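Numbers restart at 1 for each chain; the letters A, B, ... are given by sequence-line order, proteins then strands. Only a predicted model underlies this, so the values are computations on that prediction, with no experimental measurement involved.
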Amino acid sequence: MAVTGDETESGSTGDMSAYQLRNPSSSLPQGVTINAAHSSQQPVEDASRKRELRLMKNREAARECRRKKKEYVKCLENRVAVLENQNKTLIEELRALKDIYRHKVE
DNA sequence: ATCATGGATCGTCATTTGCG
DNA sequence: CGCAAATGACGATCCATGAT
């Protein structure tokens with residue numbers, strides 16, 4: 001369970017809480033940073049953009065993942081229905097054959 | 001009309017997986 | 001081994017439905 005500190009981004013972030021480190025957009029409007037007065041905010045903005053991109057990609061990955069899972073489950077349910085029908089048919093066939101056999105030995 | 005409840009869907013974080 | 005994509009788990013929100 002090694003907590004991997006989530007990215008190598010977020011450079012000199014002083015006393016931000018762990019939550020804020022992971023969620024820089026949670027308390028500040030997008031693009032607004034603590035040290036906005038200086039031009040050294042460039043790496044911060046860069047990290048923020050990087051994070052937004054990562055979140056966007058993961059959001060779409062999650063959607064796709066759920067779509068695939070739904071499809072997979074539907075396939076399984078179809079297969080179950082087919083096998084249940086086959087099973088029914090085979091049971092019926094076996095019953096008929098047994099019947100024929102019984103009449104022969106009698 | 002209002003509330004409680006359960007299911008569906010979503011976004012996010014943490015972890016796993018597979019590839020270069 | 002490092003990285004990006006895939007996936008599991010969790011909490012938040014929305015919506016439908018039944019009970020009061």
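- Between A/K57 atom NZ and C/dC3 atom P the separation is 14 Å, expressed in whole Å.
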(message) Assess the residue pair A/K57 and A/R54 against the criterion (side chain to side chain contact (heavy atoms under 4.5 Å, CB included)); give the C-alpha distance rounded to whole Å, side-chain angles, the decisive distance to 0.1 Å, and a yes or no.
(response) CA-CA 5 Å; A/K57 278 186 176 178; A/R54 180 168 53 78; 5.8 Å; no
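- At the phosphate of B/dC13, OP1 or OP2 sits under 4.0 Å from a side-chain N or O atom of A/R51.
- Going from atom CE of A/M56 over to atom P of B/dG11 covers 12 Å, rounded to whole Å.
- The side-chain heavy atoms of A/E60 and A/M56, taken from C-beta on, include a pair separated by under 4.5 Å.
- The nearest whole Å value for the distance from the CZ atom in A/R59 to the P atom in B/dC13 is 10 Å.
- Paired with A/N87 under the rule side-chain contact (heavy atoms from CB on, under 4.5 Å), one option of A/T89, A/L83, A/I91 passes, and it is A/I91.
- In this structure, A/L55 atom CG and C/dA5 atom C1' are separated by 15 Å, rounded to whole Å.
- If you chain together ILVMFWY residues whose side-chain heavy atoms come under 4.5 Å of each other, A/L76 ends up grouped with A/Y72.
- Taking atom CZ on A/R54 and atom P on C/dA4, their separation rounds to 10 Å, with Å as the unit.
- Near-neighbour residues of DNA chain B inside residues 62-80 of chain A, defined by a heavy atom below 4.0 Å, number-ordered: A/A62, A/R63, A/R66, A/K70.
- For A/R95 and A/E92, the salt-bridge test passes: some basic side-chain N is under 4.0 Å from an acidic carboxylate O.
- Between A/K68 and A/E71 there is no salt bridge, since no side-chain nitrogen of the basic residue lies less than 4.0 Å from a carboxylate oxygen of the acidic one.
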